[in-house]
Number of protein chains: 2
Amino acid sequence: MTRKRISKQLRAGRRTVSELVVVRLILYRRILRDLAFSGTRYVFSHQLAALADVTPEQLRRDLMNVRYEGSPTRGYEVVVLEECIGAFLDPPSTQAVALVGVGNLGRALFAYFLGRRPLLQIVAAFDIDPAKVDRMINGCPSYHISEARTVMRERGINVAMIAVPAAAAQSVADTLVEAGVRSLLNFADVRLRLPPDVYVEHIDIGVTLEKVAFFARRPAGVEREAGSP
Amino acid sequence: MTRKRISKQLRAGRRTVSELVVVRLILYRRILRDLAFSGTRYVFSHQLAALADVTPEQLRRDLMNVRYEGSPTRGYEVVVLEECIGAFLDPPSTQAVALVGVGNLGRALFAYFLGRRPLLQIVAAFDIDPAKVDRMINGCPSYHISEARTVMRERGINVAMIAVPAAAAQSVADTLVEAGVRSLLNFADVRLRLPPDVYVEHIDIGVTLEKVAFFARRPAGVEREAGSP
DNA sequence: TGCTAGCTGTGAAACGCATAACAGCGTTCG
DNA sequence: CGAACGCTGTTATGCGTTTCACAGCTAGCA
Ligand SMILES: NC(=O)c1ccc[n+]([C@@H]2O[C@H](COP(=O)([O-])OP(=O)(O)OC[C@H]3O[C@@H](n4cnc5c(N)ncnc54)[C@H](O)[C@@H]3O)[C@@H](O)[C@H]2O)c1
Ligand SMILES: NC(=O)c1ccc[n+]([C@@H]2O[C@H](COP(=O)([O-])OP(=O)(O)OC[C@H]3O[C@@H](n4cnc5c(N)ncnc54)[C@H](O)[C@@H]3O)[C@@H](O)[C@H]2O)c1
């Protein structure tokens with residue numbers, strides 16, 4: 001097979017991409033950014049794979065989804081590969097995100113996303129506590145949850161993070177779906193029941209810590225590292 | 001095959017359990033607790049499965065790892081099943097956890113774990129900032145990171161959460177391993193490189209949000225919900 | 001200029017996990 | 001009192017992902 005071919009997979013565009021592949025691509029891109037920042041020009045699959053903690057084959061296979069090919073002698077050009085992955089992951093411009101629940105976790109999330117990830121910005125916060133609404137939090141307006149529908153539609157927000165107590169999470173999620181949200185990141189320790197066209201991701205820290213604690217007392221054997229994202 | 005058999009899998013004890021199974025068992029147990037709290041006595045596999053957002057077959061298969069069998073007519077006795085899962089997941093008594101990095105996220109984690117999960121307690125915090133050490137935080141002593149080795153060994157802590165800036169995470173992890181930690185839960189957005197007998201779990205919130213944002217603009221098709229824990 | 005070395009891209013096999021399918025059994029209802 | 005139903009435990013099947021293996025290519029070097 002000649003080298004100037006374009007595999008069916010590639011031709012198919014991003015047709016069907018596994019969630020796992022998406023997560024790893026995001027991870028690769030972040031590592032590539034770091035590499036570019038530190039002045040690295042080229043990187044081989046085995047180097048990048050080591051940094052991402054995957055096998056080189058896995059990395060190369062993942063990269064088949066991206067419109068870029070490395071050189072057998074130099075490897076991948078860091079900035080070009082980063083851009084190609086970016087083109088694939090495709091934040092069309094900047095994507096607006098809402099945060100519901102400005103408590104301990106919510107404020108920490110604000111601090112975390114402040115500055116980094118310019119393409120993903122928290123542009124609205126919601127809470128039910130009168131003391132926390134109608135003011136600015138880290139340069140972002142905070143509204144009462146009852147305004148969610150209006151604000152979300154006006155600002156075209158279709159991604160939201162939920163950081164409210166478990167008891168309130170389902171109702172908040174319903175409200176957000178009503179407001180037109182496409183996908184959710186839920187930190188509350190309840191499994192949300194939502195229409196199938198809404199994408200939901202749970203980050204369940206309690207469960208994860210229990211898992212970690214469980215494997216702390218294993219008879220020494222399982223040494224897999226699992227990416228939770 | 002008679003009903004009073006004990007499958008090889010069961011006989012083998014917890015020999016080989018997939019991480020995925022462990023996570024789901026933890027999830028089932030939490031749901032069972034809620035059910036017990038709300039006064040439910042019996043539950044069928046399809047009900048519990050719906051609450052956990054898995055298929056009934058999956059649930060029953062997972063329960064094969066636990067020494068308990070439900071009745072075809074009543075289903076599973078909630079409290080008994082909860083106990084059996086607990087016996088399997090096996091927090092021998094109470095398990096001590098350390099938290100490194102008392103910043104925004106660290107404090108939120110303190111608030112979160114306070115009270116709940118009595119078998120999993122944060123008994124020591126570490127930081128490098130003099131202003132944050134040598135005092136009590138939520139009833140838990142805070143030490144300078146240089147004391148980690150001593151304190152961890154003295155208190156027999158072998159599980160730790162890392163909530164320090166990415167730049168410091170690897171060095172902190174190395175210190176903790178040196179102090180005898182068995183498994184880690186890392187919140188910093190760097191992939192840690194550690195000896196293979198140390199179990200590491202990454203909660204990478206930035207990557208996860210990017211993933212969620214990515215699937216917010218899908219052509220409507222993928223409606224899978226993936227448990228990140 | 002021909003050869004070796006080492007990397008990439010990718011078809012094909014292997015593996016693990018989830019889903020489907022089935023046997024046993026207690027209850028219920030004809 | 002028997003038979004049909006519905007649920008459990010378990011075995012078998014299928015699918016998606018990872019791993020293996022190799023062909024093609026490019027530079028470097030004799
Ligand atoms: N703090 C953590 O580190 C942590 C870790 C894992 C999971 N969580 C989960 O995240 C959630 C929030 O945790 P937290 O520590 O920030 O709690 P918190 O009590 O500090 O904050 C919750 C916030 O949600 C607001 N709220 C309550 N009901 C609401 C509603 N119906 N609509 C809008 N806002 C509402 C409250 O006013 C409050 O500001 C909880 O479900 C918790 O289980 C927290
Ligand atoms: N805040 C969030 O919601 C959030 C979300 C996802 C990930 N994270 C990650 O969690 C980590 C912490 O986030 P944060 O917002 O709490 O940051 P932060 O700056 O508020 O807190 C970091 C803490 O770590 C301490 N620290 C620094 N170097 C240390 C060392 N060598 N040993 C011990 N302690 C040290 C600092 O003194 C500070 O108290 C970061 O890596 C961040 O990327 C945070």
Side-chain angles (χ1 to χ4, degrees), chain A residues 1-12 15-25 27-28 41-50 52-78 80-81 84 222 224-227, chain B residues 1-12 15-25 27-28 42-50 52-78 80-81 84 221-222 224-227:
Chain A
M1 165 175 315
T2 168
R3 172 154 266 269
K4 50 194 74 74
R5 98 287 70 79
I6 292 167
S7 76
K8 323 101 203 189
Q9 181 78 349
L10 265 180
R11 269 228 172 289
R15 194 81 62 82
T16 316
V17 213
S18 156
E19 294 189 27
L20 299 170
V21 175
V22 171
V23 168
R24 286 193 298 262
L25 285 175
L27 179 60
Y28 302 152
R41 303 287 296 270
Y42 294 92
V43 66
F44 289 118
S45 69
H46 60 86
Q47 301 172 313
L48 186 51
D53 205 38
V54 299
T55 67
E57 299 87 354
Q58 175 106 81
L59 170 70
R60 294 203 299 272
R61 184 160 287 279
D62 290 337
L63 292 187
M64 283 174 64
N65 297 291
V66 171
R67 276 206 163 278
Y68 174 67
E69 301 203 353
S71 146
T73 53
R74 301 186 194 284
Y76 304 95
E77 200 169 345
V78 173
V80 179
L81 180 54
C84 289
V222 189
R224 265 265 307 138
E225 161 185 326
Chain B
M1 164 175 315
T2 168
R3 173 155 266 269
K4 49 194 73 77
R5 100 279 74 78
I6 292 167
S7 76
K8 323 101 204 187
Q9 181 78 348
L10 265 181
R11 270 230 170 286
R15 192 82 61 82
T16 316
V17 212
S18 157
E19 295 190 27
L20 299 171
V21 174
V22 172
V23 168
R24 286 193 299 263
L25 285 175
L27 179 60
Y28 302 153
Y42 292 93
V43 66
F44 289 117
S45 70
H46 61 86
Q47 300 172 314
L48 186 51
D53 204 38
V54 298
T55 66
E57 298 87 351
Q58 173 103 259
L59 170 69
R60 294 204 300 272
R61 174 166 284 279
D62 290 337
L63 292 188
M64 282 174 64
N65 297 292
V66 171
R67 276 206 163 278
Y68 174 66
E69 301 204 352
S71 145
T73 53
R74 301 186 194 283
Y76 304 95
E77 200 170 345
V78 173
V80 179
L81 181 53
C84 288
V222 188
R224 263 268 304 138
E225 162 186 324

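Letters go in sequence order (proteins before strands), and every chain restarts at 1. All values derive from a computational prediction rather than experimental measurement.
- In this structure, CG of B:L63 is placed 16 Å from P of D:dC7, rounded to the nearest angstrom.
- Using a 4.0 Å heavy-atom cutoff across all strands shown, A:T73 reaches at least one base atom of the nucleic acid.
- Within the 4.0 Å cut-off from OP1 or OP2 of C:dT19, at least one side-chain nitrogen or oxygen of B:T55 is found.
- What separates OH of A:Y42 from C1' of C:dG6 is a distance of 17 Å, to the nearest Å.
- Here the nucleotide nearest the side chain of A:P72, chosen from D:dT18, D:dC25, C:dT19, is D:dC25.
- Of the possible donor and acceptor atoms, none in the side chain of B:Y68 sits under 3.5 Å from a partner among the backbone N and O of B:Y76.
- Summarising the geometry, the separation between CG on A:D62 and P on C:dG9 is reported as 12 Å, rounded to the nearest angstrom.
- Rounded to the nearest 0.5 Å, atoms CZ (A:R24) and CD (A:E19) are 11.5 Å apart.
- For B:Y68 and D:dT8, the OH to P distance is 10 Å, given to the nearest whole Å.
- For D:dG9, the OP1/OP2 oxygens have a side-chain nitrogen or oxygen of B:Y76 closer than 4.0 Å.
- Checking D:dT19, D:dG9, D:dT18 against the side-chain heavy atoms of A:L20 singles out D:dT18 as nearest.
- Among the nucleotides D:dG9, D:dC7, C:dT19, the one closest to any side-chain atom of B:M64 is D:dG9.
- A donor-acceptor contact under 3.5 Å is not formed by the side chain of A:R74 with the base of C:dG6.
- Residue B:R60 places no side-chain N or O under 4.0 Å from the OP1 or OP2 atom of C:dT19.
- Nearest to the side chain of A:E57, among C:dT19, D:dT17, D:dC20, sits D:dC20.
- Rounded to whole Å, the distance from CG on B:N65 to P on C:dG16 is 16 Å.
- For the pair B:S71 and C:dG26, the criterion of a side-chain N or O lying under 4.0 Å from OP1 or OP2 is not met.
- A sub-4.0 Å separation between OP1 or OP2 of C:dT8 and a side-chain N or O of A:S45 is present.
- Counting only distance, with no hydrogens or angles, the side chain of B:Q47 and the backbone of B:F44 share a donor-acceptor pair below 3.5 Å.
- Taking every side-chain heavy atom of A:H46 into account, C:dC7 is the closest of C:dC7, C:dG24, C:dC17.
- The distance from the CZ atom of A:R60 to the NE2 atom of A:H46 is 9.5 Å, given to the nearest 0.5 Å.
- Between the CD atom of A:E69 and the P atom of D:dT26 there is a distance of 11 Å, rounded to whole Å.
- Applying the side chain to side chain contact (heavy atoms under 4.5 Å, CB included) test between A:L48 and each of A:V43, A:V78, A:V54 identifies A:V43 as the sole match.
- In terms of phosphate contacts, B:Q58 brings a side-chain nitrogen or oxygen within less than 4.0 Å of OP1 or OP2 of C:dT19.
- Atom-to-atom, CZ of B:F44 to P of C:dT27 comes out at 12 Å; the value is rounded to the nearest Å.
- Rounded to a whole Å, the CG atom of A:L59 is 16 Å from the P atom of D:dC20.
- With the nearest nucleotide of DNA chain C identified for both A:R61 and A:G75, A:G75 has the one nearer the 5' end.
- Going from atom CG of A:D53 over to atom CG of A:L59 covers 12.0 Å, rounded to the nearest 0.5 Å.
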